[in-house]
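Reviewing the structure listed below.
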Amino acid sequence: MAKKKTTRTKPRRLKGFRDIEAGDVLARDRMIAKIRKVYERYGYAPLETPALEYVDCLGKFLPEADQPDAGIFAFRDEDEAWVALRYDLTAPLSRYVAMNPELPRPFRRYQVGPVYRVEKPGPGRFREFYQFDFDSVGTNAMLADAECCMVMCDALEALGIARGDYAVRLNDRKVLNGVLETIGGGDVLGEATSRNVLRTIDKLDRVGIEGVKQLLGDGRKDESGDFKTGCKLTASQIEVVIGYLSAEGETRAILCDVLETLVGESEVGREGVDELRQIDTALSAGGYAEDRVVIDPTVVRGLAYYTGPVYEGVLTFPVVDEDGVSREFGSVFGGGRYDDLVKRFTGQEVPATGASIGVDRLLAALKTLGKIDTSPTTASILVTRLDKTLNAEYQQMVGELRAAEINAELYIGNQGIAKQFKYASDTGKTIAIVAGSDEMAAGEVSIKDLRLGVELSKEIGADRKKWLEQQPAQFSIKREQLVESVKEVLGRYRA
RNA sequence: GCCGGUGUAGCUCAGUUGGUUAGAGCACCUGCCUGUGGAGCAGGGGGUCGCAGGUUCGAAUCCUGCCGCCGGUACCA
């Protein structure tokens with residue numbers, strides 16, 4: 001025999017991508033269902049768009065470099081056109097709206113699905129992840145932005161996050177721009193510097209107020225010894241920015257007054273404050289007070305396409321993960337107004353606003369909180385096959401249970417009864433049904449309460465004989481009472 | 001992308017100053033017990049020591065490169 005050099009394929013998985021197992025998929029589906037209910041309650045209707053789009057339609061083609069933006073998954077199709085996986089659900093929405101000018105406005109849709117980004121993966125951070133968006137396109141009314149905040153609150157509460165355990169933080173890009181304008185000293189700060197300052201403000205939660213001060217000035221050395229060049233603002237400019245970031249007010253209205261003095265003569269700044277006031281009015285009328293939505297001058301939300309109000313939903317309690325490390329989960333919901341996104345297709349102003357929930361991130365948070373059921377089981381009953389000549393009987397039993405809308409699995413493997421019980425507990429079943437010749441003769445079936453069995457086995461210790469003889473978690477019932485008895489046992493473990 | 005750490009069984013890790021057949025716990029499988037999941041006892045399978053070179057009589061151990069993972073940083077629509 002010649003030496004065979006079998007080249008077997010190594011099972012590999014792309015970096016940043018995951019296999020998501022039953023418990024998580026089921027939990028995510030339940031989450032999505034709850035969120036969808038809230039969105040629909042406000043009248044948003046579903047839309048689905050393709051996972052692949054032309055790169056230029058996503059707004060991520062770099063003409064100078066003649067290639068797509070790094071950061072997205074892209075390839076050339078058979079016609080040499082650049083094609084990419086969507087990196088969010090907003091760009092496809094604006095493409096859709098541009099292609100369908102006859103849509104009644106405001107157009108309100110929700111969409112859920114995976115999006116793809118080439119980023120460095122980290123804890124709770126992946127290259128493929130679910131977003132669940134809702135948006136209103138075609139209205140510049142601040143009522144729409146106020147509604148976004150309300151929807152975010154309702155959605156988080158629908159997921160079981162108590163009021164007080166989350167907050168929606170609200171700000172307005174125009175206010176930020178207004179502050180930048182005032183420190184420009186008449187002149188507007190350079191585009192690059194403005195971006196840099198916003199970026200720096202966005203880092204506040206990571207580097208703290210002192211870090212921001214340094215980064216606005218000459219620069220800062222971080223823990224790893226790396227030096228990062230700062231924005232080179234003057235001391236008095238920094239003072240203004242820090243003053244702005246520290247602005248506080250008892251109520252949203254009072255904070256608006258404070259912000260107004262900070263933006264001074266800046267026209268955009270005043271516009272921004274006015275927008276916040278309008279949103280405050282709408283929120284207050286809707287009963288959404290400061291215990292749910294707060295104005296927070298430190299919110300920036302990236303740099304991209306936001307043009308007005310921006311908002312993010314954060315979890316305000318610390319979460320301790322599996323390794324016992326306390327983690328800030330931070331932002332799980334984000335959004336804002338983007339008035340220019342459709343313009344690049346049609347040339348027409350189409351104001352739009354919306355928000356997006358990071359489903360996977362929030363799922364991870366709820367999981368570590370123990371606020372979510374991640375059991376992988378879909379059927380809580382296993383009908384075992386003790387005596388393979390009685391298959392017809394077993395088939396009959398699962399049939400009855402299924403007819404009663406009880407998920408029931410028939411053991412279809414080949415192993416003996418001991419293995420069948422092990423299989424039942426390994427797959428998270430609550431009940432195993434046993435019926436052999438003894439039961440048949442008596443017109444009975446045995447019901448084994450597997451969860452109770454686990455409990456009782458702790459007390460019974462090492463005495464296997466006693467365990468086997470007593471079978472404390474098992475009892476017999478009349479064959480006709482199968483469905484009824486199963487319901488009764490399941491009832492013990494409901495919620 | 002950059003800086004640092006790390007890489008031994010499915011998991012968590014031991015492995016002395018390089019020295020013969022690489023270990024433990026947990027998990028898994030089998031039996032005690034062919035009609036009973038736990039526990040117990042007995043046994044068993046599983047590792048080209050991340051990959052590729054180099055130094056050496058000899059490398060899991062030393063050197064170089066690459067890859068993966070973890071942390072920080074940059075980016076984050």
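Side chains included, hydrogens not; waters and symmetry mates left out as well; all remaining heavy atoms used. Below, read A as the first sequence line, B as the second, and so on, with proteins coming before strands; counting in each chain starts at 1.
Evaluation of Tyr423(A) against the base of G37(B) yields no stacking contact (centre distance < 5.5 Å, interplanar angle < 30° required).
Nearest-nucleotide assignment on RNA chain B puts the 5′-proximal partner with Arg451(A), out of Gly302(A) and Arg451(A).
The C1' atoms of U61(B) and U20(B) are separated by 15 Å, rounded to the nearest whole Å. Comparing C49(B) with C33(B), their P atoms are spaced 42 Å from each other, to the whole Å. A distance of about 29 Å separates the P atoms of U30(B) and C13(B), rounded to the whole Å. U8(B) and C51(B) have their C1' atoms separated by 15 Å, with the value rounded to a whole Å. Across C32(B) and U6(B), the matching P atoms stand 49 Å from one another, rounded to whole Å. If you take atom P in A24(B) and the same atom in A42(B), they sit 15 Å apart, rounded to whole Å.
The existence of a salt bridge linking Arg479(A) and Glu400(A) is confirmed by a sub-4.0 Å separation between a basic side-chain nitrogen and an acidic carboxylate oxygen.
A heavy atom closer than 4.0 Å to some atom of RNA chain B occurs in no member of residues 335-354 of chain A. Residues from residues 426-440 of chain A lying near RNA chain B, meaning a heavy-atom separation below 4.0 Å, are Gly436(A), Ser437(A), Asp438(A), Glu439(A) in numerical order.
Arg199(A) comes within 4.0 angstrom of sugar-phosphate atoms only, judged by non-hydrogen atoms across all strands, and of no base.
Side-chain to base pairing of Gln474(A) with U36(B): one donor and one acceptor N or O lie within less than 3.5 Å of each other. Residue-to-nucleotide contacts include no donor-acceptor pair under 3.5 Å from the side chain of Lys422(A) to the base of U36(B). Judged by atom type and distance alone, Lys120(A) reaches the base of U73(B) through a side-chain donor-acceptor pair under 3.5 Å.
The number of heavy atoms from other shown groups lying within 6.0 Å of CG (Asn414(A)) does not exceed 12.
Taking the six-membered ring for Trp and the full ring otherwise, Phe333(A) and Tyr166(A) have centroids separated by 6.0 Å or more.
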